[in-house]
Number of protein chains: 2
Amino acid sequence: MSEIGIKDIAAKANVSTATVSYVLNGTRNVKLKTRERVLRVIEEMNYKPNNAAQSLKRKRTNTIGVIAEDVTVFNVPEIIDGINDCADRMDMHILLTNLRLDKRIGRDFDRVESYRHYADNAVSELLSKQVEGIIYIGVHPRDLTGLIDTSGKPIVYTYCYTQKDVSIQYHDEQASYEAMTYLVTKGHKRIGIISGAMDSIPSRLRFNGFYKAVTEYELPFDPQLIKMGNWEAESGYRLTRELFELEVRPTAILAMNDVMAVGVMRAAAEMNIQIPRDLSVIGFDNREFSEYLIPRITTMDLPLHEIGYRAMESLSLLIKGEQAELKPMPKCRLIERDSVAPPRTS
Amino acid sequence: MSEIGIKDIAAKANVSTATVSYVLNGTRNVKLKTRERVLRVIEEMNYKPNNAAQSLKRKRTNTIGVIAEDVTVFNVPEIIDGINDCADRMDMHILLTNLRLDKRIGRDFDRVESYRHYADNAVSELLSKQVEGIIYIGVHPRDLTGLIDTSGKPIVYTYCYTQKDVSIQYHDEQASYEAMTYLVTKGHKRIGIISGAMDSIPSRLRFNGFYKAVTEYELPFDPQLIKMGNWEAESGYRLTRELFELEVRPTAILAMNDVMAVGVMRAAAEMNIQIPRDLSVIGFDNREFSEYLIPRITTMDLPLHEIGYRAMESLSLLIKGEQAELKPMPKCRLIERDSVAPPRTS
DNA sequence: CTGTTAGCGCATTCAC
DNA sequence: GTGAATGCGCTAACAG
């Protein structure tokens, strides 16, 4: 029975409820002896303060809400972990809501109306529970302006954004630029790129990084080396075949995610092209499997933990009424493995 | 400002707070006209009931706590998703606590003392928040008797268990038996097995299934075909090499997880053994990467969603004071892919 | 059908 | 250093 309350403690310890509260919260000095007595009784009766009553009285709950569009998407757990990490340190608690978008409406994220309902519910519920702020974790970066109304409560977005709220994202452009730099350093000049879906923001950002590298390193610019994929392995496969029908073939391919990199590898295997001897491949996301492929693929690691941590930091600032500081975007990190080598001097 | 309360609504709608409460909860009939008026005011002022106050009054919170030992472990998100799925249907809410064991204490799960502290805190906090029950998601199946005291509140364990509480687990023994059956159906007789760590319960259970198959199908029993791994890829690699030094080599290998199956594949690649032509491989877990390997590996899918769902169902029963019904254990499902073929008739 | 009011468990102000 | 009284926002019993 969790029915023991502060007054049960007070009675058993021969003090008033106020005294119990004082020793519990350290709000005022209590004679050592009484304090010890109270503490002992609390221990004995295994008393736990009723959080509902506390929240009602103080105006704080020390709780924030996290809305995840789908916890089963690969990047989400690590972001949550980052939020947790930070929240623990500031003694904040987390109320997690899982929208289950993937299961419920599939991948059709652009039809905002199809899930506004779920989002609204989640927010209402969280607000009802008196959260002091909300972190929204998208499954895919996109503009969510107007989706959510938090009634003035602070909100931070990650893996998506709105036009007026704080959002935390990693540096896509820097990431692909860095990947290109690595390839160039290894001696590659003709580098093919297989993009994600073109209506996606990360795709465009990563393209920017690619162009920047092409320009800065004065690589031969050939539109034929640029292929529009759709994030799926099949597109990596198909486009790699196209790339290899070119008269002058690329010596390296940058795939905008690891899944498409798998497609690249499949195509290569079929055409008897050895990676990395005949073709270098670099992926994106550092998905778990990227380490298990043969060869293990070199890829860009996403700073997911850091994103979560930062989101929590910013939210905490907003809750305190301060301005969220504008730190530079978290960067991706190159994971060097076995799928990149210098081009063959044929 | 979420400072608007029921009495603000009452005032503006010219009714008493009670009436507002009644229309909100449908607890009593309210004249249509007044109801509509109240509803309109609520809408206008964007009023959200204060859950803390509600919980204080009713004795229910409609909230359960979920303690995950580590949300970043591969199987956990899907379990949470299952819990969510069920919780949504019964209008229950979830308070998630992430122990972050992997990050904080590493893989040394047996030293219960090293994380009792975290578990205790999590439970205290949850109890304080008046959850009506708890689901505990372990990272690895093991006996956790004595770790947690919920002060009488119902608890359900999954991916771990205690000697007195309800726990939900999938059917390991059936799974490996079924995997063996599949291999036998394909014509294999000499089947090697690479186990997980032997102090692990799933390892032993899966062995049971293996033995059962060996017996029932009257396979040649050869202790040399049984290798003790440790769940890591390296052990799969090393033990496969050992298996291939045997005079009569196995035609198929059952690895107790997909990670070790990767090791098998690596060893095979090095020895120029083609999968599945020269060697069939079957894994366990249906890890995401198992589909991306070349060849894609046949594996046993874990009913994670179902486990979560069941855990929630059972907990809900316990909360209502009923007995948790004993359904048969959820089963694993064979995912047929490309790493198994009939043995070569050499 | 609607209003009045006690009290849920706790923190806090004021009085001692 | 301690205790009695008040009220947080809400529900439900009681009264009309």
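Proteins come first, then strands; the chains are lettered A, B, ... in the order of their sequence lines, and each starts at number 1.
Of the N and O atoms on the side chains of B:D81 and A:T72, not one donor lies less than 3.5 Å from an acceptor on the other residue. In this structure, a donor-acceptor pair under 3.5 Å is absent between the side chains of A:S124 and A:N121. Using modelled atom types, one finds a donor on one side chain and an acceptor on the other under 3.5 Å when comparing A:T63 with B:K129. Side-chain atoms of A:Q163 and A:D143 form a donor-acceptor pair, as typed in the model, at a separation below 3.5 Å.
Considering only side-chain atoms of B:A53, the nucleotide from D:dG9, D:dG3, C:dT2 that sits closest is D:dG9. You'll find that the side chain of A:I6 is closest to C:dC10, out of C:dT13, C:dC10, D:dC14. Closest to the side chain of B:K31, out of C:dA6, C:dT2, C:dA11, is C:dT2. Ranking C:dA11, D:dG9, C:dT12 by closeness to the A:Y22 side chain, first place goes to C:dT12. Candidate nucleotides C:dT2, D:dC10, D:dT11 were compared by shortest atom distance to the side chain of B:N50, and D:dC10 ranks first. Each of C:dC8, C:dG3, D:dG3 was ranked by its minimum atom distance to the side chain of A:S16; first place goes to D:dG3. Which of C:dC10, C:dG7, D:dG3 sits closest to the side chain of B:K57 comes down to C:dG7. Side-chain atoms of A:Y47 lie closest to C:dC10 of the nucleotides D:dC14, C:dC10, C:dA11. Taking the side chain of A:K7 as heavy atoms from C-beta on, and the options D:dG3, C:dC8, C:dA11, the nearest nucleotide is C:dC8. Each of D:dT11, C:dA11, C:dT2 was ranked by its minimum atom distance to the side chain of B:T17; first place goes to D:dT11.
Rounded to a whole Å, the NZ atom of A:K48 is 17 Å from the C1' atom of C:dC10. If you take CG of A:N25 and C1' of C:dC10, they are 9 Å apart, rounded to a whole angstrom. When the P atom of D:dC8 is taken as reference, atom CG of B:L56 falls 13 Å away, rounded to whole Å. Between A:R58 atom CZ and D:dT6 atom C1' the separation is 18 Å, expressed in whole Å. In this structure, CD1 of B:I4 is placed 11 Å from P of D:dG9, rounded to the nearest angstrom. Rounded to whole Å, the distance from CZ on A:R60 to P on C:dA11 is 14 Å. Taking atom CG of residue A:N14 and atom P of nucleotide D:dG3, one finds them 9 Å apart after rounding to whole Å. Computed from coordinates, the B:L127 CG to C:dG9 P distance equals 15 Å when rounded to whole Å.
Residue-level contact check: B:T34 touches the backbone only, with heavy atoms under 4.0 Å from sugar-phosphate atoms and none from bases. In this structure, B:N51 reaches neither bases nor backbone, as no heavy-atom distance under 4.0 Å exists between it and the strands shown. Residue A:T19 is classed as a sugar-phosphate contact, given heavy-atom separations below 4.0 Å to backbone atoms only. Using a 4.0 Å heavy-atom distance criterion, B:V20 is classed as making no nucleic acid contact.
Two residues, A:Q54 and B:L32, neighbour DNA chain C, and the one matched to the more 5' nucleotide by heavy-atom proximity is B:L32. Nucleotides of DNA chain C nearest to B:V15 and A:A52 differ in position, and the one nearer the 5' end is that of B:V15.
Between C:dG9 and B:K59, a contact under 4.0 Å exists linking OP1 or OP2 to a side-chain N or O.
For B:E125 and A:K48, the salt-bridge test fails: no basic side-chain N is under 4.0 Å from an acidic carboxylate O.
With contacts defined as side-chain heavy-atom distances shorter than 4.5 Å, the pair A:E69/A:L144 qualifies.
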